[in-house]
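Notes to accompany the following structure.
Everything quoted here is computed from the prediction, not taken from an experiment. Naming: A, B, ... by sequence-line order, numbering from 1 per chain.
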Amino acid sequence: MTATIAAVTPAATPTPAKRRRLRFVANPKAATGLVVLAFFCLIAIIGKWIAPYDPSARSSDLIQAPSAKHWFGTTHLGQDIFSQVLVGTRGVMYVGLLAGLVATALSILIGVSAGFLGGAADDSLSALSNVFLVIPALPLIIIVASTIPSAGDLMVALVIGFTSWAWGARVLRAQTLSLRRRDYVEAARATGESTWRIITFEIMPNLTAIIASGFVGTVIFAVMSEITLAFIGISTISEWNWGTILFWAQSQQALAQGAWWWFVPAGLAIAILGTALSLINFGIDEFVSPRLRSSGHTRVKTNDGHSVRMRVGFTPVLSSKQAPATPVVRRKENAA
Amino acid sequence: MKFLFQRIAFYIFTAWAALTINFFIPRLIPGDPVTSLMAKYQGQMSTEAIQSLYVLFGLDKHQSVWSQYVAYWGQIFHGDLGLSFTFFPTPVSEVLKQSLPWTIALVGITTFASFMIGTSLGVIAGWRRGSIMDGLLPVTTFLSSIPYFWLGLLAITLLAGPGSFFPSSGGYEPGLVPSWTGSFIGSAIQHSLLPALTILISSVSGWILTMRNMMVTVASEDYITVAHAKGLSERRVMVSYAARNALLPNVSGFALSLGFIVGGTLLVEIVFSYPGIGYNLFQAVGAKDYPLMQGVFLVITLSVLLANLLADVAYLLLDPRTRKEG
Amino acid sequence: MTRPVLEIKNFHVDYGLGDESVQAVRDVTLTLHRGEVLGLAGESGSGKSTLAYGVTRLLPPPGVISGGSVIYHPPNGDPYDVMALTDSELREFRWAETSIVFQGAMNSLNPVHKVSTQMVDAIKAHEPQLSPQARIARAQEILKLVGISADRMDAYPHQLSGGMRQRVMIGMALVLEPQVVIMDEPTTALDVVMQRQILAELVELRERLGFSVLFITHDLSLLVEFSDRIAIMYGGRIVEEARSADLYRDSLHPYSEGLLKSFPALRGPRRELAGIPGSPPDLRGMPSGCAFHPRCPQAFDRCSDEIPVLGIPSARNDPDRSVACWLPGRVPVS
Amino acid sequence: ACSNGDGTKTNSGSSTGATVLNIGMPNGPQTENHNPFLGSSAGASLGYRWMIFEPLVMINGIKPTEPGKPWLATEWKWDANYTKLSFTIRDGVKWSDGQPMTAEDVAYSFQLRKDHDGLNQDAIPYGSITATGNKVDLTFPRSQFVNQNKILTVFVVPKHQWSTLKDPTQDPLKSPIGTGPYTVKSFTPQTTTLTLRDSYWQDLPKVKELRYTSYNDNNAQTTALANGSSEWSFVFVPNVKAVYQDKDPKNHKLWFPANLGIHGLWINTTKKPFDNPALRRAMNMVVNRDDIFQQGEAGYFYPKIESVTGIPTPAGESFIAPEYKDKNHSVDLDGAKKELSDAGFKLEGDVLKDPTGKPVTITLTDPAGWSDYQTDLEIIKDNLSTIGIKATIDKANQDAWFKNIDTGNFDAAMHWTNGGATPFDIYQNIMDGKILKPVGKAGVSGNYGRFNSPEATKALDQYANAADDATRTAALNTLQKIMVEQMPVIPTSASNVGGLYSTKNWVGWPDEQNQYGPAQPTQQNALQIILNLKPAGSQ
Amino acid sequence: MTVTETEVVLEAEGLTKHFPVRRGVRDLLSREHKVVHAVDDIKLTLRRGRVTALVGESGSGKSTVARLMAQLYGRTAGEIRLHGESITVRGGRKFRAYARRVQMIFQDPFASLNPTHTVRYHLTRALKIHGRAGDLEQNLRNLLDQVQLTPPERYLDKFPHELSGGQRQRVSIARALGADPEALLADEPVSMLDVSIRLGVLNLLRDLKERLNLAILYITHDIASARYFADETLVMYAGRLVEGGDSETVTQNPAHPYTQLLIDSAPDPDRLGELSRPEDQAGGEPPSLIAPPTGCRFHPRCVHAMPKCSTDLPPRFELPVQGHWAACWLYEEGAAK
Ligand SMILES: Nc1ncnc2c1ncn2[C@@H]1O[C@H](COP(=O)(O)OP(=O)(O)OP(=O)(O)O)[C@@H](O)[C@H]1O
Ligand SMILES: Nc1ncnc2c1ncn2[C@@H]1O[C@H](COP(=O)(O)OP(=O)(O)OP(=O)(O)O)[C@@H](O)[C@H]1O
Ligand SMILES: [Mg+2]
Ligand SMILES: [Mg+2]
Ligand code: NI
């Protein structure tokens with residue numbers, strides 16, 4: 001989430017167009033992130049079918065370390081942890097994406113209207129989002145979720161979505177505010193476009209990068225929150241997800257029993273998913289503001305044979321032999 | 001100063017909103033604390049004992065929401081947060097008084113340290129593009145994607161096994177009496193190292209990254225080139241020109257993300273059974289202890305607000321543009 | 001003509017390395033003489049700023065200097081190549097010998113430090129032996145020269161108007177009394193009245209302090225009025241160089257000619273304005289031969305095949321002029 | 001919680017005989033509250049209230065039928081079919097502030113409970129309370145046979161302190177005054193230290209100092225037990241053998257005797273086809289209690305129910321009717337199938353069809369976080385599938401679950417029963433028709449399965465109000481018969497009153513051979529145990 | 001040369017715009033409403049087939065005038081007449097009808113085209129909104145032809161970032177023409193363009209004026225280009241018009257001291273080597289528009305200022321050349337020249 005701060009400013013660079021959109025995928029970070037994300041999405045869809053066991057089914061292998069039979073070992077009931085991780089992916093992705101969608105929709109609604117309408121509407125809407133921003137989200141989510149009778153996946157997703165739109169709204173508002181003053185918005189108005197058309201066709205397309213990055217950020221947050229809720233036993237754990245696995249590991253004191261395999265795979269999966277999403281966000285950030293790209297070749301061979309890093313303030317001087325000498329006819333230097 | 005006035009007005013408004021949310025949340029809860037206590041004593045509490053608890057907790061009275069709301073504000077202004085159910089009849093304020101210092105010490109110091117360390121590393125990473133620091137970014141990203149609590153679990157397994165220097169839970173040695181003695185403080189520090197490390201590792205990379213990006217953005221500003229052109233030393237340009245300006249957005253970012261960070265760090269307390277507010281929240285949620293839940297939420301929110309205010313003041317001191325007269 | 005202070009020889013600048021690189025400045029050779037104002041004109045993207053930054057090695061990454069030398073002649077002492085200086089030598093060289101004024105003064109001043117701090121910073125870096133009071137006094141003195149009263153010393157940049165900021169920048173550039181001041185479009189952000197005021201002051205100061213100026217702008221009419229000599233850049237190369245009056249009255253390169261014909265004049269008879277057809281070249285895909293040939297009304301076969309060399313045109317045997325064009329009479333005397 | 005230094009530091013000089021006993025509970029930071037009436041107080045949650053406040057009569061929690069041991073009362077006598085009780089109060093007992101304890105104090109202790117519903121946890125209907133000389137006489141509006149132990153074990157508080165309290169139900173009682181052998185020395189949220197008094201009406205115990213430490217969670221408590229820094233505790237330790245016992249096989253001991261309360265699968269007896277007792281019996285026959293004990297309860301925590309009557313043994317041994325004396329639960333698949341086919345159920349493939357031809361399915365529900373119950377349900381689900389019943393497990397939200405149980409809106413759930421001095425509490429909780437409410441109506445305090453048996457209600461009534469033991473025995477036998485034949489609840493485990501302890505420094509703990517009291521540190525009998533402990537070297 | 005021959009398309013009288021200054025918490029306590037006097041009492045006439053230039057330094061209110069005329073801002077006072085008919089529109093269908101006849105071109109061709117849309121989209125919208133989508137493809141080509149972006153196919157499906165600055169500005173102009181307007185308000189249409197390209201765009205505008213008989217308001221800070229391109233020139237200072245008349249007259253014989261300053265300050269290659277500031281020239285900076293100077297707004301900087309200048313607002317004084325006027329007390333009947 002924090003990475004978006006930098007993304008707000010560089011709106012000045014001409015924003016994406018069709019062909020350049022594809023270039024986003026060419027960003028190695030984004031590409032890696034997308035591949036991993038696609039992998040998790042795939043697991044979320046087919047996990048149920050490829051799981052070797054029913055994740056809830058008991059067997060006689062109690063608390064077994066990973067083996068060929070049980071890749072990630074088993075629980076105290078002899079359940080196969082590998083299957084639990086596979087099947088649990090769906091819940092994680094579902095909640096993450098749904099919460100991300102809800103929050104993004106809200107942030108667009110609130111952020112864009114605050115930015116576009118201005119005046120009192122802006123004041124009250126941005127006060128609202130600032131309040132939500134300052135109030136610690138996770139404790140609020142924990143408390144709200146703990147008060148809901150049956151906090152299933154849908155409910156958890158909604159709660160997370162409804163409490164975590166504020167950051168996106170803030171960023172979008174700032175951006176809309178700057179877009180609203182752009183000449184092309186004024187020009188569209190002068191052409192006679194209606195307000196809603198200006199918002200949806202002139203402003204929104206220019207917000208896509210920010211919306212996408214906000215969406216990804218919220219998904220990260222939602223996944224973390226969801227897993228946290230499951231881990232501390234607040235949301236329903238009837239459906240498997242990674243948090244549920246961790247919940248059981250914790251309540252059965254997997255640590256004390258030395259059953260590291262019980263909580264390592266799920267946690268690792270979270271971390272990898274989180275990293276993938278962060279990478280996508282980097283990709284978006286770098287796409288919006290190419291300066292942030294970590295430059296490829298930064299080492300240069302200089303005049304005196306040293307190799308130096310390119311840096312601000314001290315331009316490297318390449319060995320002169322590289323310079324293609326164009327024949328130049330010069331007059332003689334005048335004597336002083 | 002106008003800026004500060006506006007901020008303070010905003011904080012008052014936010015505090016009001018948070019307190020009102022706080023008021024309504026438990027009142028929308030269908031369950032009640034007695035059943036939760038029942039759950040806690042699974043089978044060891046008789047049906048009769050349950051009835052006596054309803055009487056004890058005063059849950060058999062009924063009042064209109066509005067008069068409750070008024071009474072609630074009355075209580076808040078007297079610093080009265082009600083009596084905790086789990087620690088009945090200890091006042092919530094006392095429970096919190098006991099745990100707050102731990103949280104402030106752990107979460108406060110580590111969050112601040114993480115901000116400082118992350119920012120400093122970010123300055124270097126952003127300044128020396130393409131150096132090793134830049135290469136470390138993917139690693140730190142990975143670290144920051146790990147949920148706090150899981151990293152804590154991992155830290156306990158790997159580092160806090162029996163016989164290790166690191167204790168796996170608690171705020172200090174069980175036998176000790178909290179006091180300002182060397183052995184107690186030593187023990188408290190020993191117990192806080194692992195949770196602190198967990199928070200630090202998970203949160204520091206966020207700061208590194210934002211600061212790095214900010215530095216990269218700032219580094220291409222004209223005034224940096226001018227500073228170089230003036231022949232200032234590298235250090236001076238980096239610190240006084242680049243970092244100083246790059247810090248500004250980060251300070252307000254710091255303020256705004258405090259809410260997120262504090263939320264995450266509370267989980268560390270749960271995993272390490274650290275006797276702070278986060279652990280209180282965990283207990284309160286488990287036991288439907290609304291007064292305690294409300295108290296915790298209130299204290300967290302107000303602390304975040306306060307920290308925000310401090311960050312605002314820092315921003316004010318750092319950025320002359322906001323000091324504009326009028 | 002006086003001694004040179006800065007000789008730029010066969011200067012090349014690339015952005016990026018290898019195949020992807022953009023060759024922003026090609027083989028530029030230019031001499032700045034003591035006490036003169038050398039104007040550099042050309043349209044946007046022709047490499048003016050790149051050249052200016054390159055000379056002081058201030059190009060932002062991925063800019064690299066891929067060839068050439070910049071010989072600096074100190075008032076007393078032996079000339080040396082700026083490109084061969086080490087980092088610390090370069091630091092010493094900067095500002096004390098050559099200072100720069102950029103286009104946007106708002107962006108050139110650090111928004112979080114007072115004007116005085118930024119002035120003193122420069123003095124401190126180069127004359128550490130000076131006492132703090134003396135530094136302040138020096139800063140005050142130079143600000144007075146550029147018309148800013150001492151009580152604005154403690155102002156922050158945002159508290160000053162655009163014109164004042166630009167004066168502060170000029171003052172800062174002169175505070176160490178350098179030999180060379182490079183000015184990259186120092187007045188384009190200001191309106192004409194302010195522009196004239198500042199330039200007038202600059203002329204006075206130059207008479208007093210005797211520094212040389214490399215003045216960059218795309219406003220040719222301003223240059224003609226303000227500078228002693230003018231060099232015209234096109235597509236990363238110098239295409240013509242001459243005394244201002246000569247260039248104005250009798251430009252030799254078709255591009256310079258086109259530029260001059262694009263300016264409506266405020267006084268005098270209404271001239272016919274022709275302009276230049278087409279659009280500036282893309283540095284990534286430079287036309288072969290003379291970069292200007294696709295837009296040149298007089299281009300012929302040779303123009304698209306061979307890069308013209310810069311030299312004294314055969315038709316005007318004037319050692320103070322040079323042009324890079326294949327048109328008859330403009331080909332260099334060999 | 002524990003680092004290397006712990007054991008040696010707190011038990012310095014264990015070679016020369018220990019003086020300190022470290023007791024632990026996994027209950028999180030405490031607040032300073034020594035009020036013995038409040039279950040939320042540190043005194044109650046750690047159990048040290050019993051070291052300060054003593055009962056009139058000490059009754060062995062695992063042998064509730066044995067006569068109690070005179071404690072602050074030297075004699076007691078029930079009259080008029082348990083509606084009258086008179087105590088003779090012990091002389092020479094002094095409060096820890098030096099004042100003598102009198103019958104006045106005892107009467108006041110009863111009066112407090114009578115006056116404050118919040119303190120009267122057992123909802124005993126007190127009548128008159130009178131103190132004369134060293135005698136205290138109580139009357140009750142109805143027979144207190146079933147409550148007799150609850151009344152006898154009431155603890156006594158000093159009138160001269162309690163009468164000054166503004167609100168006894170909300171006072172944290174910062175400096176408790178009691179008759180017990182220990183007084184509070186210091187309190188911190190983590191550790192409460194109790195120190196031995198100079199004098200006590202019995203022989204002073206050998207333990208000079210008690211340290212009650214509240215660990216933040218089960219993990220921490222387990223670790224502390226494993227490394228010896230905690231010597232006595234009550235906590236669920238999964239895989240207890242590896243995690244705890246093997247760490248010091250010689251000294252690390254545990255004993256988890258059952259008391260008279262049970263856990264079982266409650267079945268909604270109004271739902272078809274579960275209103276058919278034959279189906280319930282068949283279900284009972286396939287439940288694998290060994291798996292539940294071994295996997296759900298880590299092989300020790302809640303002891304498994306052996307007797308078909310659901311009465312936990314050995315605590316309830318003496319109550320079991322002759323006809324069921326040696327009848328124990330065992331998995332009997334064939335018997336179950338026979339039972340079913342006799343009742344008109346059909347097992348087609350692996351789907352059981354009820355007499356109307358509908359497949360039998362059931363939803364088993366318990367709150368998500370209750371890991372042991374959830375484990376039990378998983379096992380039961382598996383077991384039921386052997387007779388073709390398709391079970392699904394609903395991990396409900398705790399509040400919703402309580403509400404659904406209360407209103408009878410469930411198929412089946414793991415739940416506990418009340419416990420008491422006789423199996424009456426168990427059966428009353430399961431079968432009492434007097435507390436029966438129709439499905440959908442809340443506010444029941446038992447009989448969640450809506451079990452409607454006038455016969456059972458009558459037998460319960462008889463038992464509670466009987467004038468002689470024979471009637472009672474007959475009534476209880478009837479109840480057992482109903483339980484076995486109708487099976488409204490499928491009992492799985494007994495409640496426990498156990499503990500884990502270390503014999504490294506102290507010996508004399510209760511165990512299988514020496515069952516003088518339950519081994520749980522938070523039970524009243526803990527005082528008895530402390531009094532019984534001797535330094536390990538001294539034997 | 002006179003300027004009153006052709007039909008009046010759009011005229012403004014007494015046009016005034018005050019922007020409220022955003023009030024802070026402290027201002028809530030005070031009664032007074034602070035405003036920016038961006039535009040005060042402007043009288044302006046656009047005629048068919050004529051270019052009227054509006055020159056003035058940055059911040060003098062030129063863009064505000066253009067936006068007021070385009071009815072993008074609501075005005076504080078004054079009247080805008082289209083063919084003599086006073087019109088006030090605020091959005092909706094009426095605004096479209098107005099926009100159909102009065103179109104605006106923005107200063108920055110890099111910012112006035114939405115980077116996410118193609119040239120086709122921009123032009124199609126303009127045509128559709130104004131009901132000219134009839135033979136869409138043909139109309140599109142016509143538009144591009146009109147702005148000399150030929151062949152049209154090459155440009156239709158390009159994104160703005162694929163075009164050069166001059167080409168973009170042509171697209172903006174084409175979009176404005178899409179409405180088939182009678183009046184074109186060009187707000188510094190070339191100031192962001194390179195010198196060699198500027199002329200092309202200006203020539204295009206002049207060509208359009210002649211071919212389509214448009215009335216054009218040409219806003220610029222470059223008074224030299226006004227001389228070349230506009231028939232009539234108005235000079236604006238701090239929100240007020242200070243001088244107006246035939247372009248050649250205004251630039252060659254400036255009457256108002258401000259216009260004189262402006263013209264003297266403009267770079268002039270023919271004035272070689274006399275760069276120093278004439279002693280009698282005014283200096284200083286433009287005034288604050290929140291509290292503009294009383295009387296003539298130029299008086300604090302004016303070398304000819306008289307006591308009257310700081311108190312009384314000068315009206316328009318007609319000057320000898322027909323149509324030339326200046327708002328300066330120097331030209332009051334009988335004032336000492
Ligand atoms: N970081 C960079 N990477 C790649 N190309 C660059 C970079 N910076 C500048 N260029 C290119 O180098 C060329 C010269 O740029 P430069 O800024 O020197 O032009 P200029 O003559 O100063 O133009 P202007 O009048 O707009 O300031 C331009 O074509 C530009 O696109
Ligand atoms: N929306 C607004 N709110 C408040 N003040 C405004 C607004 N728009 C313009 N102004 C103020 O009105 C004055 C005139 O602005 P305007 O943009 O019309 O000037 P301009 O002559 O077009 O300048 P430029 O040459 O820089 O474009 C300025 O002082 C400006 O600060
Ligand atoms: Mg430039
Ligand atoms: Mg403007
Ligand atoms: Ni410890």
Side-chain angles (χ1 to χ4, degrees), chain B residues 1-3 119 123 125-131 133-134 211-252 313-326, chain C residues 49 52-53 55-63 85 87-115 117-128 154-159 165 169 172-173 175-176 178 181-182 184:
Chain B
M1 280 306 104
K2 188 172 118 191
F3 171 75
T119 304
V123 166
W127 194 244
R128 304 195 193 289
R129 298 285 306 275
S131 68
M133 278 301 305
D134 231 21
M211 194 61 189
R212 169 199 174 263
N213 284 357
M214 235 23 250
M215 280 298 278
V216 171
T217 313
V218 166
S220 52
E221 291 284 348
D222 276 354
Y223 53 80
I224 300 298
T225 314
V226 172
H228 278 298
K230 284 200 277 189
L232 305 185
S233 71
E234 182 94 12
R235 241 183 78 89
R236 176 126 185 109
V237 181
M238 178 173 94
V239 177
S240 176
Y241 284 69
R244 182 66 202 283
N245 280 287
L247 192 62
L248 290 175
N250 246 23
V251 167
S252 42
V313 171
Y315 187 87
L316 208 61
L317 294 178
L318 284 174
D319 189 355
R321 281 163 292 192
T322 52
R323 265 181 266 157
K324 212 179 335 197
E325 49 279 350
Chain C
S49 305
Y53 290 122
V55 166
T56 44
R57 290 177 57 188
L58 279 171
L59 287 169
L85 296 181
D87 283 1
S88 59
E89 286 167 342
L90 190 60
R91 243 178 240 127
E92 243 166 81
F93 165 79
R94 284 174 178 172
W95 221 253
E97 312 293 343
T98 304
S99 58
I100 296 201
V101 180
F102 293 148
Q103 170 170 15
M106 183 69 217
N107 302 330
S108 305
L109 289 168
N110 185 347
V112 299
H113 289 315
K114 290 173 185 162
V115 165
T117 318
Q118 301 187 50
M119 302 275 290
V120 167
D121 252 0
I123 308 175
K124 200 156 82 182
H126 292 277
E127 291 173 33
D154 283 335
Y156 285 95
H158 71 268
Q159 292 165 325
R165 286 198 289 261
M169 265 324 285
M172 196 171 322
V175 76
L176 295 173
V181 180
I182 298 175
D184 186 3

task: Under 4.5 Å heavy-atom distance to chain B, tell me which part of C:Ser108 shows up: side chain, backbone, both or neither.
output: both
- request: Heavy-atom distances under 4.5 Å only: say whether C:Pro60 touches chain B with side chain, backbone, both or neither.
  value: neither
message: Quick test of your reading of the model: are B:Lys230 and C:Asp121 salt-bridged, counting only N-O distances below 4.0 Å?
response: no
- prompt: Which pair of heavy atoms, one from B:Trp127 and one from B:Ala242, lies closest together, and at what distance?
  reply: CZ3-CB, 3.6 Å
- line: Assert top hit (heavy-atom pairs under 4.5 Å, partner chain B, pool C:Ala122, C:Ala125, C:Pro111) equals C:Pro111
- line: Interface check, chain B: of C:Asn107, C:Thr117, C:Leu109, most non-hydrogen pairs under 4.5 Å belong to C:Asn107
query: Does the pair C:Tyr53 and C:Asp184 meet the rule for a side chain to side chain contact (heavy atoms under 4.5 Å, CB included), with working shown?
result: CA-CA 9 Å; C:Tyr53 290 122; C:Asp184 186 3; 4.1 Å; yes
query: For C:Glu89, what residues pass the salt bridge (Lys or Arg N to Asp or Glu O under 4.0 Å) criterion, not counting sequence neighbours?
result: none
message: Tell me if the aromatic rings of C:Tyr156 and C:His113 count as close, with their centers under 6.0 Å from one another.
response: no
query: Where does B:Leu248 contact chain C at under 4.5 Å (heavy atoms): side chain, backbone, both or neither?
result: side chain
